[in-house]
Protein chains: 2
Amino acid sequence: MPQPSAPRKAPGRPARISREEIIDTARRIVAEGGVKGLTMRRLAAEVGSTPMAIYHHVRDKEELLVLLLDDYAARTLRRSRLPADSRERVVAAAGAVHDALAACPWIVEVLTADDLMSTSALWFVEQIVDGLVECGLPLDRAVHGYRAIWYYTAGEIVVRATAARRRADDDRATYREHVFADLDPAELPRLAQASERWAALTAEDTYEDGLRALVDGLLAGRRG
Amino acid sequence: MPQPSAPRKAPGRPARISREEIIDTARRIVAEGGVKGLTMRRLAAEVGSTPMAIYHHVRDKEELLVLLLDDYAARTLRRSRLPADSRERVVAAAGAVHDALAACPWIVEVLTADDLMSTSALWFVEQIVDGLVECGLPLDRAVHGYRAIWYYTAGEIVVRATAARRRADDDRATYREHVFADLDPAELPRLAQASERWAALTAEDTYEDGLRALVDGLLAGRRG
DNA sequence: ACCTGAACACCGTTCAAGT
DNA sequence: ACCTGAACACCGTTCAAGT
């Protein structure tokens, strides 16, 4: 995020590597080997330089990651035609952000960043807030509504991505089936009842259903 | 989570350290220095042993973390009297899980684990699913509803915890104010309009409001 | 101003051996 | 069965110096 001032006139030694080159290389490394494969040392090597040269263009690894997320958002979150109906516009804008982020598995480690991830996403935030206002919410409630939608969206992505990673990793996922097989129907009747279907139900993509429920609930406004 | 079988009769050398001792020590380290301070080496040192001794009781660091979360859930998620009204029971059960996890800042790194975090939490999951069924949802929709609530809850905790950490860390948080100050009202009118209030609105705890909206929306059931 | 080399202070995990 | 010592293959970051 921190786009640090305009490029100076540079009255010193000419730069061999640029911030852009660093980010491009970092993006390629992450695409190939995931975020775990991105180390300052490897990045330096692939850019044909030394670790310390990187530190001259980027404060530290966390800034690099944020820069990377920003770059990703800028190139995938393209504004598109949204529905005219306000409620549908809220759903579509949130869905667009969701889909862009969900397609990017390494995002999780960085995603947990803050409430707004990138200047490129601001337009979508605007659509959501504006849609809620047009549906009749006061501005303050609309901002709170946007946050609720962001919590829901970020949570869905983080939980699903981690579950997927764990499933691929090893047999830890089977532990859940184990637990569900041993449920005491007297104590946890509903879970026992749903136990065989649980895995299938969990695998279903119900992001949009939940999103619509949330938006409906926000607009019903049964409070304050 | 993996409670690996009952303690064997141990026909070998008597154990000097136990899994319980390891977890107790790990909990203390995390309480003092956060999850970053918990390293296998330090844990070994504080338990009066060597790194490799730990690996004899725990598969790897990730398992240790999951064990730690389980331990935390078991000691803080005590069943309590919930409201008789079904809808209120759903809200209260979700709120109880939320509050327990939110009080535990190190949880984020582990939380992103899976859909059910711990056997101790199952009772709360049961309350939520059952409450939704009693409100008239079919079981499948109730399970999906529980998942939506979990996404929202996990997202709220993760996003808030990370924002708090970042705020404490350094000046990166001020970047947002910077962006909001420079908003173009012609392009992003609502955000510009809300810009001075944004920080205050974001600071407000609206978890329960969003939760109620979500539950209302789920129960309104405007969809097949 | 930009880059290099060498070092600091760590990591998680594995291997081979001891009791 | 449980534990140790030593090593492997790394990390992010800092310091002091070079051009």
Side-chain angles (χ1 to χ4, degrees), chain A residues 2 4-23 25-26 29-30 32-68 106 109-110 165-166 169-170 172, chain B residues 2 4-23 25-26 29-30 32-68 106 109-110 165-166 169-170 172:
Chain A
S5 58
R8 267 162 252 141
K9 282 284 139 61
R13 181 168 162 175
R16 292 166 102 85
I17 56 176
S18 66
R19 188 185 259 240
E20 205 195 339
E21 195 184 347
I22 289 174
I23 294 176
T25 309
I29 293 175
V30 165
E32 285 167 16
V35 120
K36 274 187 70 174
L38 179 66
T39 68
M40 300 302 262
R41 297 169 115 101
R42 172 154 177 217
L43 177 57
E46 302 232 351
V47 99
S49 188
T50 61
M52 265 319 292
I54 308 290
Y55 282 92
H56 210 270
H57 297 263
V58 145
R59 178 211 279 211
D60 55 17
K61 195 177 179 181
E62 177 155 3
E63 186 180 289
L64 176 67
L65 255 17
V66 173
L67 250 15
L68 214 52
W106 57 268
E109 272 112 311
V110 198
R165 175 163 65 80
R166 208 154 287 212
D169 251 31
D170 54 15
R172 262 177 265 248
Chain B
S5 58
R8 267 163 254 142
K9 281 287 140 60
R13 183 166 159 176
R16 292 166 101 86
I17 55 176
S18 65
R19 188 185 257 240
E20 204 195 338
E21 193 184 348
I22 289 174
I23 294 177
T25 309
I29 293 174
V30 166
E32 285 168 16
V35 122
K36 276 188 67 176
L38 180 66
T39 70
M40 300 302 263
R41 297 169 115 99
R42 171 153 177 218
L43 177 57
E46 301 232 351
V47 100
S49 187
T50 60
M52 266 317 294
I54 307 290
Y55 281 90
H56 211 272
H57 297 263
V58 146
R59 177 211 281 211
D60 56 16
K61 195 178 180 182
E62 177 155 1
E63 186 181 290
L64 176 67
L65 255 17
V66 173
L67 251 14
L68 213 52
W106 58 268
E109 271 112 312
V110 198
R165 176 163 65 79
R166 209 154 286 214
D169 251 30
D170 53 16
R172 262 177 265 247

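Throughout, protein chains are lettered first and strands after them, A, B, ... in sequence-line order, and every chain is numbered starting at 1. Just the heavy atoms: all of them, side chains too, but no hydrogens, waters or symmetry mates, feed the values below.
Nearest-nucleotide mapping onto DNA chain C: of B:R42 and A:I17, the residue sitting toward the 5' end is A:I17.
Atom CD1 in A:I54 sits roughly 15 Å away from atom C1' in D:dC11 (whole-Å rounding). In this structure, A:E63 atom CD and D:dG12 atom P are separated by 15 Å, rounded to whole Å. Between the CG atom of B:L43 and the P atom of C:dC11 there is a distance of 12 Å, rounded to whole Å. At whole-Å resolution of the value, CG in B:L38 and P in C:dC11 are 10 Å apart.
Scanning for salt bridge (Lys or Arg N to Asp or Glu O under 4.0 Å) contacts around B:E20 gives an empty result, with sequence neighbours left out. With sequence neighbours left out, B:R41 forms a side-chain hydrogen bond (donor to acceptor under 3.5 Å, both in side chains) with no residue at all. The side-chain hydrogen bond (donor to acceptor under 3.5 Å, both in side chains) check on B:E21 picks up nothing, with sequence neighbours excluded.
Taking 4.5 Å as the limit, every side-chain heavy atom of B:I54 sits out of range of all side-chain heavy atoms of B:L64. Using a 4.5 Å heavy-atom cutoff, the side chains of A:T25 and A:I17 are not in contact.
For A:T39 and D:dC11, the shortest distance from a side-chain N or O to OP1 or OP2 is below 4.0 Å. Close to D:dC3, at under 4.0 Å from its OP1 or OP2, lies a side-chain N or O of B:H57.
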Taking N or O atoms only and anything under 3.5 Å, show me the protein contacts with nucleotides 13-17 of chain C, one pair per line.
residue: C:dT13; atom: OP2; partner: B:Y55; partner atom: OH; Å: 2.6
residue: C:dT13; atom: OP2; partner: B:K61; partner atom: N; Å: 3.3
residue: C:dT13; atom: O5'; partner: B:Y55; partner atom: OH; Å: 3.2

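Across C:dC11 and D:dC8, the matching C1' atoms stand 12 Å from one another, rounded to whole Å.
A side chain to side chain donor-acceptor pair (under 3.5 Å) check over residues 47-56 of chain B, counting only residues at least two apart or in different chains, returns nothing.
Here the CG atom belonging to A:L68 is positioned 11.5 Å from the CD1 atom belonging to A:I22, to the nearest 0.5 angstrom.
Here the closest heavy-atom approach between residue B:L67 and residue B:R19 is recorded as CD2-NH1, 3.3 Å.
For DNA chain D, each stem of at least three Watson-Crick or G-U pairs (distances under 3.5 Å) is given as range with range: C:4-8 with D:12-16, C:12-16 with D:4-8.
In the set C:dT4, D:dC3, C:dC3, C:dT4 carries the atom at the smallest distance from any side-chain atom of A:T50.
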